[in-house]
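Working notes, structure below.
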Amino acid sequence: TDPTNLVMVGLCEIGNEATVLCLYGDVLYVTDRLNGLVAVDITDPVNPTYMGSFVTAGSAEDVDIQGNYAYVVSQPGGSYVYIVRLCSLP
């Protein structure tokens, strides 16, 4: 691996304003300011697959994964913490 020679191997469109990534197993969770929490299956990095999303009120800004739950922070219009059971995403 050569960090000066980066090569894209796969692409999956997920939204407009991704803010934070969190890898959990073969699933990449992404907070998106317009689409909430988005799940992408990266089992095959050449063909990442959109799995689903959980829409939040306001703009999803951060995520942390612990066990079977994602903790998502959303704002403005107040600050909210959503606790999302990961198996609820397809």
Side-chain angles (χ1 to χ4, degrees):
T1 55
D2 178 1
T4 63
N5 188 23
L6 303 176
V7 177
M8 182 182 76
V9 294
L11 178 67
C12 180
E13 185 175 347
I14 59 162
N16 295 315
E17 295 186 39
T19 52
V20 174
L21 306 173
C22 187
L23 183 60
Y24 188 72
D26 288 330
V27 180
L28 181 65
Y29 293 93
V30 183
T31 55
D32 184 272
R33 290 192 173 135
L34 301 177
N35 297 306
L37 179 65
V38 178
V40 178
D41 181 343
I42 58 166
T43 304
D44 178 3
V46 175
N47 296 300
T49 306
Y50 172 86
M51 296 173 65
S53 65
F54 176 83
V55 178
T56 59
S59 150
E61 300 290 335
D62 200 358
V63 62
D64 189 25
I65 307 288
Q66 295 293 321
N68 291 323
Y69 296 93
Y71 300 87
V72 182
V73 175
S74 177
Q75 53 186 347
S79 291
Y80 301 94
V81 174
Y82 291 89
I83 302 171
V84 180
R85 196 165 140 213
L86 297 182
C87 66
S88 66
L89 289 172

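In this text, all values refer to a predicted model and were calculated from it rather than measured experimentally. Position 1 is the first residue of the sequence, and the numbers go up from there.
Residues Ser74 and Ala60 share a closest heavy-atom pair of OG-N, 4.1 Å. Summarising the geometry of Ser59 relative to Thr56, their closest heavy-atom pair is C-OG1, 4.4 Å, with the distance given to 0.1 Å. For the pair Asn16 and Asp32, the tightest heavy-atom approach, listed with the atom from each and the gap, is N-OD2, 3.2 Å. Arg33 approaches Thr19 most closely through the heavy-atom pair NE-CG2, 3.4 Å. Of all the heavy atoms in Gln66 and Tyr71, the pair that sits closest is CB-CE1, 3.9 Å.
Taking the six-membered ring where the residue is Trp, Phe54 and Tyr82 present perpendicular rings, their angle passing 60° and hence far from 30°.
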For this session: Start with the C-alpha gap between Leu28 and Leu21, add the side-chain angles, then the distance that decides, and say whether side chain to side chain contact (heavy atoms under 4.5 Å, CB included) holds.
Result: CA-CA 7 Å; Leu28 181 65; Leu21 306 173; 4.1 Å; yes
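Note: the hydrophobic cluster containing Met51 also contains Val20 (ILVMFWY, side chain heavy atoms under 4.5 Å, direct or indirect links). Put simply, Ile65 and Val72 are part of the same group of oily side chains (I, L, V, M, F, W, Y) that touch within less than 4.5 Å, one to the next. Linking ILVMFWY side-chain heavy atoms closer than 4.5 Å, directly or via other members, places Val73 and Val63 in two distinct hydrophobic clusters. In the hydrophobic clustering of this structure, Val55 does not group with Leu34; members are Ile, Leu, Val, Met, Phe, Trp, Tyr whose side-chain heavy atoms approach within less than 4.5 Å, directly or through other members.
Between the CG atom in Asn47 and the CD1 atom in Ile42 there is a gap of 13.0 Å [rounded to 0.5 Å]. With rounding to the nearest 0.5 Å, the separation of CG in Leu37 from CD1 in Ile14 is 10.0 Å.
A donor-acceptor contact shorter than 3.5 Å links the side chain of Tyr24 to the backbone of Gly67.
Taking the side chain as every heavy atom from C-beta outward, Arg85 and Tyr69 approach each other to under 4.5 Å.
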